[in-house]
Novice: 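Mind looking over this structure? Questions follow.
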Amino acid sequence: TSESLSASASTDSDRTPVRVDSQDSQLSDTETVTEGQPRWPRQNSLSMREWDIPYDELKMGEMIGTGRFGTVFRGQWHGDVAVKVLDVNYLKDEKTLEQFKNEVSTFRKTRHENLVLFMGACMKPPKLAIVTSLSKGNTLYTHIHLRKDKFNMNKTTNVAQQISQGMGYLHAKGIIHKDLKSKNIFVENGKVVITDFGLFSVTKLCFGNRKSDSLGIPPGWLCYLSPEIMRSLHAHQPHDEELPFSKASDVYAFGTVWYELLCGEWPFKGQPPEAVIWQVGKGMKQPLANLQASRDVKDILMLCWSYDPSARPDFIRLLNSLDKLPKKRLARSPSHPIHLSRSAES
Ligand code: ADP
Ligand code: MG
């Protein structure tokens with residue numbers, strides 16, 4: 001047990017640089033955006049070096065999976081970690097490398113129990129990787145779409161509340177997730193952990209590369225895109241233009257996750273991308289006629305999916321609405337007395 005004690009103590013000390021670093025974070029952030037520096041400066045500030053993990057220090061394990069712009073491996077670095085190795089092809093130009101470093105500096109600012117723990121990054125090309133804590137649980141995607149797990153209303157609400165807490169924190173820090181989806185949300189012993197926030201712009205170059213194959217849109221991604229993003233996909237070459245991601249577009253994506261939690265499937269299921277883009281761009285929504293849920297539950301969905309971004313609630317308001325949902329509502333017997341089910345739990 002003394003071993004486990006010292007292990008947890010060392011984990012704690014690993015985290016302390018966040019506080020230390022706040023003093024000179026401005027310096028290091030400026031450093032990462034400095035233009036005209038072809039190489040990573042040798043005398044970079046201490047804080048930056050602390051997050052820079054030499055690639056050789058990482059013990060790489062088995063591959064977990066491949067995403068849009070890199071591959072995730074199990075790894076060892078003072079314990080179990082997840083290593084997201086970026087596909088360097090996409091990072092060949094300096095500007096994108098700078099962008100990557102900026103995104104990493106964004107990552108460092110996050111400390112919240114519903115956000116994956118950022119541990120460091122390898123930032124020396126050609127080895128670019130992001131090291132985070134390893135999630136042992138399943139993603140919401142696996143729960144909902146692969147295992148077809150059914151969450152009761154309490155669990156559904158609780159998961160949504162935890163997502164909102166994490167997202168509210170990100171937004172308060174001025175960070176837009178840009179890729180909120182059930183694949184980026186882990187559930188471990190009932191605790192929700194959100195991953196991959198703020199990394200989306202690294203993927204921009206993938207679009208450029210894959211333009212030819214049917215819009216280059218990965219399956220299961222489209223239904224998270226808000227109307228304003230859909231419309232700009234439609235109108236421009238995606239790699240020419242920044243897509244109009246915003247806090248409100250994150251809220252739209254949250255709406256889709258809420259729908260997945262409630263219905264066990266994605267909106268616009270089975271429809272071709274072109275049809276979805278057209279409908280959403282026109283302000284049409286997935287009908288909710290088959291969803292058996294209260295008015296309040298559906299209202300949350302409809303508000304998050306508002307065509308007008310400014311009409312969408314922020315996460316503070318969403319938390320408020322989620323808090324107000326009745327605690328125990330059994331799907332099959334809405335008339336089930338609340339006090340009975342409560343006493344059964346205690
Ligand atoms: P996507 O999010 O589209 O699934 P990623 O590249 O983010 O693509 O992830 C690839 C695989 O690695 C996925 O199976 C994902 O669940 C897994 N993964 C990503 N981050 C972690 C993590 N921190 N812990 C455990 N598994 C992870
Ligand atoms: Mg991911």
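Just follow the structure's listing: the first ligand is 1, and inside any ligand the first atom is 1. Predicted model only: the values in this text are computed from it and were never measured.
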Novice: Go through ligand 1 atom by atom and flag the ones less than 4.0 Å from a non-hydrogen atom of Thr132.
Specialist: 23 (N)
Novice: Which residue holds the protein heavy atom closest to atom 23 (N) of ligand 1, what is that atom called, and what is the gap in Å?
Specialist: Ser133 O, 3.1 Å
Novice: Using a plain distance cutoff, I'd like to know if Thr66 has any nitrogen or oxygen under 3.5 Å from a nitrogen or oxygen of ligand 1.
Specialist: no
Novice: Return the name of the atom in Asp196, of element N, O or S, nearest to the Mg ion (ligand 2).
Specialist: OD2
Novice: Does ligand 1 have any atom sitting under 4.0 Å from a heavy atom of Arg74?
Specialist: no
Novice: Do the side chain of Lys84 and the main chain of Val72 share a donor and acceptor less than 3.5 angstrom apart?
Specialist: no
Novice: Which of the atoms of ligand 1 are close to Ala82, meaning less than 4.0 Å from one of its heavy atoms?
Specialist: 22 (C), 23 (N), 24 (N)
Novice: Out of all atoms in ligand 1, which are within 4.0 Å of some heavy atom of Leu134? Include the element for each.
Specialist: 24 (N), 25 (C)
Novice: Would you call Glu62 and Arg74 a salt bridge, taking side-chain N to carboxylate O under 4.0 Å as the test?
Specialist: yes
Novice: Verify the contact flag for atom 13 (C) of ligand 1, where contact means a protein heavy atom under 4.0 Å away.
Specialist: no
Novice: Which ligand 1 atoms are under 4.0 Å away from a heavy-atom of Asp196?
Specialist: 2 (O), 7 (O)
Novice: Which residue and non-hydrogen atom of the protein lie closest to atom 15 (C) of ligand 1, and at what distance in Å?
Specialist: Phe186 CZ, 4.2 Å
Novice: Counting only heavy atoms, tell me which of Val72, Ile64, Thr142 gets closest to atom 9 (O) of ligand 1.
Specialist: Val72
Novice: Can a salt bridge be assigned to the pair Glu260 and Lys148 using a cut-off of 4.0 Å between side-chain N and carboxylate O?
Specialist: no
Novice: Would you indicate whether the side-chain heavy atoms of Ser182 and Thr139 approach each other to under 4.5 Å?
Specialist: no
Novice: At a 4.0 Å threshold, what atoms of ligand 1 neighbour a non-hydrogen atom of Asn184?
Specialist: 2 (O)
Novice: Less than 4.5 Å apart, side chain to side chain, heavy atoms only: is that true for Leu262 and Val297?
Specialist: yes
Novice: So, applying side-chain contact (heavy atoms from CB on, under 4.5 Å) with Phe197, which one of Ile176, Thr106, Val116 is it?
Specialist: Val116
Novice: I'd like to know whether Asn114 forms a side-chain hydrogen bond (donor to acceptor under 3.5 Å, both in side chains) with Gln165, so could you lay out the CA-CA distance, the side-chain angles of the two residues, the decisive distance to 0.1 Å, and finally the verdict.
Specialist: CA-CA 7 Å; Asn114 297 121; Gln165 294 279 13; over 6 Å; no
Novice: Before accepting this row, confirm whether a basic side-chain N of the pair Asp196/Lys178 lies closer than 4.0 Å to the acidic partner's carboxylate O.
Specialist: no
Novice: When you look for heavy atoms under 4.0 Å from ligand 1, do you find them on the side chain of Ser135, its backbone, both, or neither?
Specialist: both
Novice: So, the side chain of Ser246 versus the backbone of Ala248: is there a donor-acceptor pair under 3.5 Å, distance only?
Specialist: yes
Novice: Parallel, tilted or perpendicular: which describes the rings of His145 and Tyr141, with under 30° parallel and over 60° perpendicular?
Specialist: tilted
Novice: Check each atom of ligand 1 against the heavy atoms of Thr139 and keep those under 4.0 Å away; list them by number with element.
Specialist: 16 (O)
Novice: Can you pull out the closest protein heavy atom to atom 11 (C) of ligand 1? Residue, atom name and distance to 0.1 Å, please.
Specialist: Gly65 CA, 3.7 Å
Novice: Can you tell me if Lys181 contacts ligand 1 (heavy atom of the residue under 4.0 Å from the ligand)?
Specialist: yes
Novice: Would Asn184 count as a contact for the Mg ion (ligand 2), in the sense that one of its N, O or S atoms lies under 2.8 Å from it?
Specialist: yes
